[in-house]
There are 2 protein chains.
Amino acid sequence: MSKDHNYLTTLKERGYRITPQREMIIKTIARNPTHFTADEIHTKIQTRVHSLNIATVYRTLELLVEEGMVCRSDFGEGHIIYAPEDHGPHIHLVCRQCNQVIDADSTLAHSLKEKMQEKYQFALDLHHLAVFGLCSACQKGEEHHES
Amino acid sequence: MSKDHNYLTTLKERGYRITPQREMIIKTIARNPTHFTADEIHTKIQTRVHSLNIATVYRTLELLVEEGMVCRSDFGEGHIIYAPEDHGPHIHLVCRQCNQVIDADSTLAHSLKEKMQEKYQFALDLHHLAVFGLCSACQKGEEHHES
DNA sequence: TTTCTAGTTGCGAATATTTGCAGTAACGAT
DNA sequence: ATCGTTACTGCAAATATTCGCAACTAGAAA
Ligand SMILES: [Mn+2]
Ligand SMILES: [Mn+2]
Ligand SMILES: [Zn+2]
Ligand SMILES: [Zn+2]
């Protein structure tokens with residue numbers, strides 16, 4: 001059974017209505033293997049159908065996040081990206097200089113997660129965590145700086 | 001010598017002009033011991049003087065961040081906060097449920113930083129890092145959820 | 001003191017995202 | 001097949017932040 005079909009069936013089981021808008025959005029997401037923005041989804045659909053409002057895209061993505069089908073990462077600077085849940089949990093290393101995003105192994109943060117739970121009773125969410133810094137290329141180009 | 005005076009002198013030394021707007025903003029920040037938003041600074045000044053545009057506040061904060069006097073944390077959801085640099089480096093644990101922010105010891109992330117440098121040659125910035133999850137109170141109130 | 005000019009400001013517009021509200025339509029129940 | 005409830009949508013306005021541009025002025029130079 002295809003992924004979009006699964007999503008739609010699950011939503012219906014949970015009491016949500018299946019609208020043409022939701023169908024289009026979910027089918028577009030299911031075809032997409034990687035990260036995407038709300039606007040990318042909207043634009044892709046608009047090339048064929050014109051009657052889809054961007055607010056509906058945002059609301060549907062919000063729903064899919066709540067229902068655990070999509071995950072959302074906020075990269076700051078007003079840049080939010082989404083990914084299918086099966087894209088897998090990992091850390092996004094966002095370069096402050098060139099805006100490149102590196103997908104890093106989220107198990108590397110397990111010890112941090114444990115420490116936060118111990119010291120602050122805070123349950124750190126490692127699912128598509130975004131952290132900032134400098135990629136290797138940009139580190140090299142930063143020698144003209146006070147140490 | 002007071003902090004605001006230091007900031008102003010340093011800016012001038014580095015070739016920036018000291019305008020009344022920058023003076024007001026810097027004095028307001030220097031009096032503030034903790035985190036603040038651009039709007040809070042703007043509002044505080046507006047109660048006395050009316051001729052200060054919010055865009056100028058943002059631009060001045062951006063300048064102070066670049067010059068290393070203020071640091072900026074993006075908490076997502078369009079929520080940016082600033083703090084004086086001497087507020088000290090630490091991790092912000094942002095609760096997804098109640099939006100509470102806990103200041104956590106940033107040395108707890110040193111091993112993560114090392115791992116990221118080794119595996120991805122990425123220099124993680126631990127200065128006012130923001131990470132998301134659930135605080136202890138909100139963890140307790142989350143038992144009605146599929147495990 | 002006056003002049004000059006590049007750095008700075010205010011304003012309005014643009015950006016991405018969220019929200020209120022009135023109208024529409026999905027779908028369970030007749 | 002029709003109806004009624006209420007979840008959902010489109011639209012326009014609100015939000016926070018950024019940006020282009022014309023007007024202004026800090027501060028160096030004359
Ligand atoms: Mn990813
Ligand atoms: Mn802090
Ligand atoms: Zn980079
Ligand atoms: Zn909480």
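Since this is a predicted model, take the numbers as computed values, not measurements. Each chain gets a letter, A, B and so on, in the order the sequences are listed, and its residues count up from 1. Values below: all heavy atoms of this structure, side chains included; hydrogens, waters and symmetry mates excluded.
Within residues 19-51 of chain B, the residues having any heavy atom closer than 4.0 Å to DNA chain C are, in order of number, B/Thr19, B/Gln21, B/Arg22, B/Ser51.
Taking the six-membered ring where the residue is Trp, the centroids of B/His35 and B/Tyr82 are separated by 6.0 Å or more.
With B/Thr9 contributing its side chain and B/His5 its backbone, the two residues share a donor-acceptor pair below 3.5 Å. A distance-only check finds a donor-acceptor pair linking the side chain of B/Gln139 to the backbone of A/Gln121 [under 3.5 Å].
Atom P of nucleotide C/dG28 and atom OH of A/Tyr16 are separated by 16 Å, given to the nearest angstrom. Atom CG in A/Leu63 sits about 13 Å away from atom P in D/dA7, given to the nearest Å. A/Tyr58 has its OH atom 19 Å from the P atom of D/dA14, to the nearest Å. Going from atom CZ of A/Phe75 over to atom P of C/dT15 covers 22 Å, rounded to whole Å. Counting to the nearest Å, the C1' atom of D/dA28 and the CD1 atom of B/Ile18 are 15 Å from each other. Rounding to whole angstrom units, CG of residue A/Leu61 and P of C/dA16 are separated by 15 Å. Counting to the nearest Å, the P atom of D/dC8 and the CD atom of A/Glu66 are 11 Å from each other. For the pair B/Glu13 CD and D/dA28 P, the computed distance is 13 Å after rounding to whole Å.
In this structure, of D/dG10, D/dT18, C/dC27, it is C/dC27 that holds the atom nearest to the side chain of A/Arg17. Residue A/Arg59 has its side chain nearest to C/dC21 when only C/dC21, D/dA7, D/dC19 are considered.
With sequence neighbours excluded, no residue satisfies ring pair (Phe, Tyr, Trp, His ring centres under 6.0 Å) with B/His42.
Position along DNA chain D of the nearest nucleotide to B/Ile80 versus A/Ala55 favours A/Ala55 as the more 5'-ward residue.
For B/Asn53 and C/dT9, the shortest distance from a side-chain N or O to OP1 or OP2 is not below 4.0 Å. Proximity of B/Thr56 to the phosphate of C/dT9: no side-chain N or O atom is located under 4.0 Å from OP1 or OP2.
Atom CD of A/Gln117 is separated from atom CG of B/Leu134 by 10.0 Å, given to the nearest 0.5 angstrom. Expressed to the nearest 0.5 Å, how far CG of B/Leu8 lies from CD1 of B/Ile26 amounts to 4.5 Å.
At the heavy-atom level, A/Ile54 lies nowhere under 4.0 Å from the strands shown.
Closest approach of A/Ile102 to B/Tyr120, counting heavy atoms only: CG2-CD2, 4.1 Å.
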